Amino acid sequence: MNKKAHLQKQLLAWFDAHRRVMPWRAAKGKTPDPYHVWLSEIMLQQTTVAAVGPYFLKFVKKWPTVEKLAAAGLDDVLAAWAGLGYYARARNLHKCAGAVVKEFGGKFPDTEEDLIKLPGIGPYTAAAISSIAFNRPAVAVDGNVERVVSRFFAIEEPLPQSKDNIRAQAARLAKDNPRSSDFTQGFMELGATVCTPKKPKCASCPWQKSCAAHRLGIAEDLPRKARKKQKPVRYGRVFWIENKSGEFLIEKRAGKGLYEGLYQLPTTDWTNDAKARRKNHDKRLRFKRLGADVRHSFTHFDLLLEIWTARAGAAFKPGKARFVSAGDLENYALPSLMRKVVKMCLHSKTA
DNA sequence: TAAACGTGGTT
DNA sequence: TAACCAAGTTT
């Protein structure tokens, strides 16, 4: 047996023995449901397995098939997604479900070429679905595989410059393998559980003897990456406006991009100048500043919001906004930042 | 090519 | 605590 076939055999044997149970993963020897594979792959983009678990279960219970999901309203999909982050994924998920029903009769295509044309499916996800759900020979290169390959070949060139090389090497390792689905999952699982970013468990690795970085003693130093730039801070105010029934005001967020299509408590713009936008939501209301501010960290900036509260009398006209109770929130796509504000305001009342 | 795009856990 | 990280995609 040649070297590559031997490595494949080692990884597959390791995966057979150590594969984790996940809600979207078919039992050993069973055929996976492409709808489950697709849904989980979208949710898992830049998101941990632990965070995805409950969301995946909620989605398949609410929408057991791609047809049901396509027939749902976008607001309901966003509400169910709330808290998972990267909400473009949810908007594209809904769009993609519609396309699969309309263009493919509700059956997911099985080739990378067809999959990558669908909304929210890029090079990684197209390969992952083709391989995992259909056992086709596609090579899915995610962060785990990048790390494993960087170490296995001791690639010193930093990411993302080394990406093309990593892709080519990963493809070489995966070539001519009848168990594409298991190999793809095993490749990633190895990175997730053994070849970890810090303190890799090289003693437990099926590829230890062939790993160049391990031989050189530099496994933990790879892959090399440029340092992240420091994030700017943005400032603003968020408003808790409560009526006599203890309900509070929420509104649909305007504009594109961040939190597009989601709900929020009324807020000023968020700017780089702490002194700008020192303006309250409604001149007719008397606002008091809450004792604590909200801090929230995004990928590309940190946010610091003052919380200002007011009581709305019977004459107050909410306009497009609406009063809701805390118990209603599961029906609204309120992001974690805003849920944090709600929690702080409710807590301050009982304190 | 680089920036936008969330969140929660770990070190 | 600040930095880093997690099954990336879109513009």
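All of these numbers come straight from a predicted model, not from anything done at the bench. Only this structure's heavy atoms are used, side chains among them; waters, hydrogens and symmetry mates stay out. Numbered from 1 within each chain, the chains take letters A, B, ... in sequence-line order.
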Original post:
Is the shortest distance from a Lys or Arg side-chain nitrogen in A:Lys9 or A:Asp16 to a carboxylate oxygen in the other one below 4.0 Å?
Top reply: no

Original post:
Hey, does A:Met22 reach any base, or is it just sugar-phosphate, or nothing, if we go heavy atoms under 4.0 Å?
Top reply: base

**OP:** Kindly confirm or rule out a cation-pi arrangement of A:Arg286 over A:Trp308, judged by NZ or CZ under 6.0 Å from the six-membered ring centre and within 45° of its axis?
**Re:** no

**OP:** Select base, sugar-phosphate, or nothing to describe what A:Gly83 touches, counting heavy atoms under 4.0 Å on all strands.
**Re:** sugar-phosphate

Original post:
Contact class for A:Pro335 (heavy atom, under 4.0 Å): base, sugar-phosphate, or nothing?
Top reply: sugar-phosphate

Original post:
At under 4.0 Å, does any side-chain N or O of A:Lys229 touch on OP1 or OP2 of C:dA3?
Top reply: no

Original post:
Between B:dG6, C:dG8, C:dA6, which nucleotide has the shortest distance from any of its atoms to the side chain of A:Asn144?
Top reply: C:dA6

Original post:
Which of these nucleotides, C:dG8, C:dC5, C:dT10, is closest to any side-chain atom of A:Asn92?
Top reply: C:dT10

Subject >> Of the listed nucleotides C:dA7, B:dC5, C:dG8, the one nearest the side chain of A:Leu258 >> reply: B:dC5

Original post:
Phosphate oxygens OP1/OP2 of B:dC5: is one of them under 4.0 Å from a side-chain N or O of A:Thr299?
Top reply: no

Subject >> Span that lies between the P atom of B:dC5 and that of C:dA6, in whole angstrom >> reply: 23 Å

Original post:
Is the shortest side-chain N/O distance from A:Arg147 to OP1 or OP2 of C:dA6 below 4.0 Å?
Top reply: yes

Original post:
So does A:Glu113 have more than 12 non-hydrogen atoms from other groups sitting under 6.0 Å from CD?
Top reply: no

Subject >> Identified ring pair (Phe, Tyr, Trp, His ring centres under 6.0 Å) counterpart of A:Tyr332 within the set A:Tyr263, A:Trp81, A:Phe248 >> reply: A:Tyr263

Original post:
Is there a path from A:Phe323 to A:Leu262 through hydrophobic residues (I, L, V, M, F, W, Y) whose side chains come within less than 4.5 Å of each other?
Top reply: no

Subject >> Presence of A:His300 side-chain N/O under 4.0 Å of B:dA4 phosphate oxygens OP1/OP2 >> reply: no

Subject >> Sugar-phosphate only, base, or nothing, as touched by A:Ile132 at under 4.0 Å among non-hydrogen atoms >> reply: nothing

Original post:
When all nucleic acid strands are considered with a 4.0 Å heavy-atom cut-off, which category describes A:Ala140: base, sugar-phosphate, or nothing?
Top reply: nothing

Subject >> Protein-nucleotide distance (A:Ile116, atom CD1; C:dG8, atom P), rounded to Å >> reply: 15 Å

Original post:
If the P atom of B:dA2 is compared with that of C:dA7, how far apart are they to the nearest Å?
Top reply: 24 Å

Original post:
Does any residue of residues 28-65 of chain A have a heavy atom under 4.0 Å from DNA chain B, and if so, which ones, in number order?
Top reply: A:Gln46, A:Thr47

**OP:** To the nearest Å, give me how far apart CZ (A:Arg91) and C1' (B:dG6) are.
**Re:** 12 Å

**OP:** Output yes when A:Glu220 and A:Lys198 qualify as a salt bridge under the 4.0 Å nitrogen-oxygen rule, no when they do not.
**Re:** no

Original post:
Distance under 6.0 Å and angle within 45° of the ring axis: does A:Arg253 meet both against A:Tyr259?
Top reply: no

**OP:** Ignoring backbone atoms, establish whether A:Tyr259 has a side-chain N or O less than 4.0 Å from OP1 or OP2 of B:dT7.
**Re:** yes

Subject >> B:dA3 to C:dC4 separation - P atoms, rounded to the nearest Å >> reply: 16 Å

Original post:
What does A:Thr184 touch in the nucleic acid at a heavy-atom separation under 4.0 angstrom: a base, only the sugar-phosphate, or nothing?
Top reply: nothing

Original post:
For B:dG6, does either OP1 or OP2 sit under 4.0 Å from a side-chain N or O belonging to A:His296?
Top reply: no

Subject >> Gap between atoms OH and P, on A:Tyr124 and C:dA6 respectively (whole Å) >> reply: 13 Å

Original post:
Any side-chain N or O of A:Tyr86 less than 4.0 Å from the OP1 or OP2 oxygen of C:dT10?
Top reply: no

**OP:** Under 4.0 Å between any heavy atoms, over every strand shown, what does A:Lys198 touch: base, sugar-phosphate, or nothing? Just pick one.
**Re:** nothing

**OP:** Choose from B:dT7, C:dT10, C:dA7 the nucleotide whose nearest atom is closest to any side-chain atom of A:Arg25.
**Re:** C:dA7

**OP:** Look only at the side chain of A:Arg147 and the backbone of A:Cys195, and say whether a donor-acceptor pair between them is shorter than 3.5 Å.
**Re:** yes

**OP:** Establish, yes or no, whether a centroid distance under 6.0 Å links the rings of A:Phe301 and A:Phe298.
**Re:** yes

